[in-house]
**Q** 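First the structure, which I've put down as structure tokens, then a few questions once you've had a look.
Both ligands and their constituent atoms are indexed starting at 1 by order of listing.
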Amino acid sequence: MTDFDYNNDPRIHALKHVRNPLCVFDVESFQVLWSNQAGLEFWHADSIQTLRQRGFKQAVTEPIVKRLRQLQTDCHEQDISLTELWTIFPRHGGRTVEHSISPFMIGDDVKALMIEVVNEIYDVDSDTLRSTAALLHTSAMISLYDADYSLIYCNPAARDSLNSRCTTLPQRLVNDTDIDIIEEALEDAECYHTELEVNTTRGPRWHEMTLQKSIDPVSGHPSVLVSAVDATERRHAQQTAYKLAYTDSLTGLPNRAALSIYLDELLSIQDGEQNEFSLFFLDLDRFKIINDSLGHSIGDQLLIEVAHRLKQAVGGNSLASRLGGDEFVLIMNQVTDTKELKVAAEKILTSMAEPVMLGNQKLRILPSIGICRYPFDGESIAGLMENADAAMYMAKARQCGYCFFDKQMTINLSATIKDKLGLENDLVYAIRNQEFELYYQPKISCRTGFVSGVEALIRWNHPTRGLVPPDSFISIAEETGQILELGNWVLDESMRQQRQWQNSGLHVPVSINISAHQFNTDDLMMNVSECLVRNSCDPAMIELEITESMLLGDADQIHQTLQQLSAMGIKLTLDDFGTGYSNLAYLQKYPLDILKIDRAFLADQKRSMLMETILNMGKVLGLKVVAEGVEARSQVDWLIEHGCDQMQGFHFSEALPVAQATRYLEEHSGRMNQSSKAA
Ligand code: C2E
Ligand code: CA
Ligand code: CA
């Protein structure tokens with residue numbers, strides 16, 4: 001109970017003589033501390049003690065408690081008296097009374113209120129009474145502004161939120177331009193419904209508000225009546241829900257649904273030239289391999305980085321979104337000029353070309369981009385996406401980075417897709433029906449000019465299509481997982497053939513291509529050794545060809561696999577060197593024996609310097625170097641001159657079926673015949 005020595009307070013002596021009922025009220029303890037005689041009568045108490053002990057708090061509702069607190073703050077902070085109409089119930093029946101409330105300090109820290117009953121109103125009708133009470137207790141914020149937007153009234157809820165420095169409507173609004181929008185809206189209409197950010201005692205909040213032109217009942221002047229409710233939480237909830245529905249959770253980019261809405265909007269703009277735009281369809285090259293070999297966490301980080309770079313590479317008037325997987329779509333708003341689009345595509349490619357550091361791995365991943373333009377290349381969302389997709393496929397096939405859509409593509413592409421689906425189905429039977437066959441392409445020693453090995457290359461004798469080359473089905477078999485069964489068949493069959501040649505006196509090493517999928521299974525070691533045993537094959541006569549992308553994963557694991565294969569006596573070849581990451585570090589890090597330079601190197605005269613470097617490096621590292629794709633005599637001479645070890649290519653022979661390969665071996669193995677094309 002608050003200590004208040006009212007007998008010795010000079011103010012109380014003066015107040016005793018006031019005729020109106022009067023009391024000193026402490027809002028904190030919710031207690032009457034003192035009352036004059038008129039007050040005791042008014043509140044039906046026989047002494048100050050009785051009044052002091054009355055449990056007011058239990059008798060009033062929460063809004064009244066809040067209201068009193070607020071009056072306490074208002075009166076003390078601004079040092080003012082306020083007048084309010086309250087209906088109170090001292091005994092039976094309500095009495096409507098005008099109260100005057102003023103600040104009253106007790107000591108240094110108790111901010112009490114002096115409440116004086118100034119006037120009892122007898123002729124209030126019940127409607128007025130109820131509407132006044134409703135206004136006082138509602139949580140809706142009601143305020144009245146005059147024609148200059150100065151505040152002339154606000155109900156307790158509004159005052160509760162009102163930052164005391166904001167006495168005009170423009171001051172209340174966070175956004176400076178909002179007042180102009182309101183003004184404009186109220187010029188044309190009586191009422192304007194909106195949601196705005198408002199300065200409040202709790203900081204900036206969103207208020208859902210209705211602004212209505214009205215007349216101030218006191219002055220008769222035009223005014224604006226504002227009723228508002230706090231919509232901040234609802235807005236946050238909506239925003240969160242919106243974000244979840246329309247944002248790709250991994251990269252933070254807009255997702256497929258958001259893109260669809262955005263495109264819908266663009267397509268619905270009926271404004272001639274205005275609604276031209278271009279759609280870029282991006283798909284990352286080799287992402288699947290990275291994801292499979294390095295794990296999804298690395299894949300995810302890569303996607304995040306790609307999204308980041310994409311956002312940076314494109315300007316403000318465009319939208320970058322992720323469809324899912326490694327597919328991204330970019331909308332270039334109002335740009336359809338080919339030159340500009342080329343610049344944009346090249347900018348994206350340049351931004352992606354910089355390798356990404358993930359952990360201690362350096363990865364470079366480039367996209368293939370298909371570009372189509374609205375409305376020239378398609379008039380519906382589905383049509384545009386399909387065509388951009390077609391252009392993207394073309395870019396991938398041509399390995400040219402980006403490609404513009406043209407009508408011919410859809411025809412070619414639908415044929416390709418049908419083809420692919422057909423092959424996918426047929427593959428299932430092909431393994432069972434033994435439709436596969438191994439061809440062998442000779443490798444020639446640069447030193448002797450004789451055959452020094454063969455590479456086993458798979459062919460599919462398709463019942464209706466004829467001979468299908470591996471490039472058309474290996475990737476499908478990789479996707480479907482059938483490559484494992486196929487790969488095992490190749491291991492077994494090529495070792496069987498090696499043994500057979502060996503038996504007939506042809507000591508020819510056979511190299512076998514291993515796919516990424518195969519390399520990443522735990523069974524590889526077991527399968528290889530089982531095949532060796534089954535065919536009584538000498539491991540020294542077997543080479544396994546792997547590609548750089550397979551060396552990207554868990555270094556320890558890879559090292560162990562390669563080490564085990566190597567320990568068995570098998571030779572390891574790094575195939576297609578120069579097409580992928582061309583990471584020289586791999587050559588030192590792993591127990592490799594042979595480096596096979598991709599045929600693109602030989603075909604490209606401009607890269608002969610690099611080729612020379614690779615040859616020298618191979619020598620330094622103790623690796624044998626094989627050049628593949630040797631088609632011309634001049635290439636043969638160059639390779640011999642520069643110290644290459646082995647050559648493989650159409651100049652000598654293409655891959656041959658067993659019977660022909662055997663004949664070739666017999667004719668070119670030095671043992672039988674000393675003459676050779678290369679010699
Ligand atoms: P690769 O391992 O790089 O094989 C070399 C490819 O280049 C072969 O194509 C071969 O016929 C071709 N080639 C050889 N000499 C020349 C030349 O002088 N000029 C040109 N333009 N090309 C030449 P092929 O047989 O169509 O094989 C394509 C790819 O399919 C192979 O590339 C390899 O990655 C894959 N592959 C082939 N057989 C198998 C297999 O049994 N298992 C796995 N996993 N992949 C295989
Ligand atoms: Ca190969
Ligand atoms: Ca190769």
**Q** On a heavy-atom basis, I'd like to know which of M647, Q635, E631, E628 is closest to atom 19 (N) of ligand 1.
**A** E631

**Q** Name the option, out of R459, E545, R599, E455, that contains the heavy atom nearest to atom 11 (O) of ligand 1.
**A** R459

**Q** State whether D576 contributes an N/O/S atom found under 3.0 Å from the Ca ion (ligand 2).
**A** no

**Q** Using a strict cut-off of 4.0 Å, indicate which atoms of ligand 1 neighbour a heavy atom of D576.
**A** 3 (O)

**Q** What protein heavy atom sits nearest atom 24 (P) of ligand 1, and how far away is it?
**A** P470 CG, 3.6 Å

**Q** Under a 4.0 angstrom heavy-atom cut-off, which atoms of ligand 1 come close to D471?
**A** 28 (C), 29 (C), 30 (O)

**Q** Checking only N/O/S atoms, does E628 have one that is under 3.0 Å from the Ca ion (ligand 2)?
**A** no

**Q** Check the pair K443, S511 against side-chain hydrogen bond (donor to acceptor under 3.5 Å, both in side chains), reporting the backbone distance first and the verdict last.
**A** CA-CA 10 Å; K443 286 189 280 182; S511 44; 3.3 Å; yes

**Q** Give me the nearest non-hydrogen protein atom to atom 16 (C) of ligand 1 as residue plus atom name, then the distance to 0.1 Å.
**A** F650 CE2, 3.3 Å

**Q** Measure the distance from atom 31 (C) of ligand 1 to every protein heavy atom, then report the residue, atom name and distance (to 0.1 Å) of the closest one.
**A** L457 CD2, 4.2 Å

**Q** Please state which protein non-hydrogen atom is closest to atom 38 (N) of ligand 1 and give its distance, to 0.1 Å?
**A** I458 N, 3.1 Å

**Q** Between the Ca ion (ligand 2) and S511, is there an N, O or S atom separated by less than 3.0 Å?
**A** no

**Q** Who's closest to atom 43 (C) of ligand 1 heavy-atom-wise, of T547, N513, D598?
**A** N513

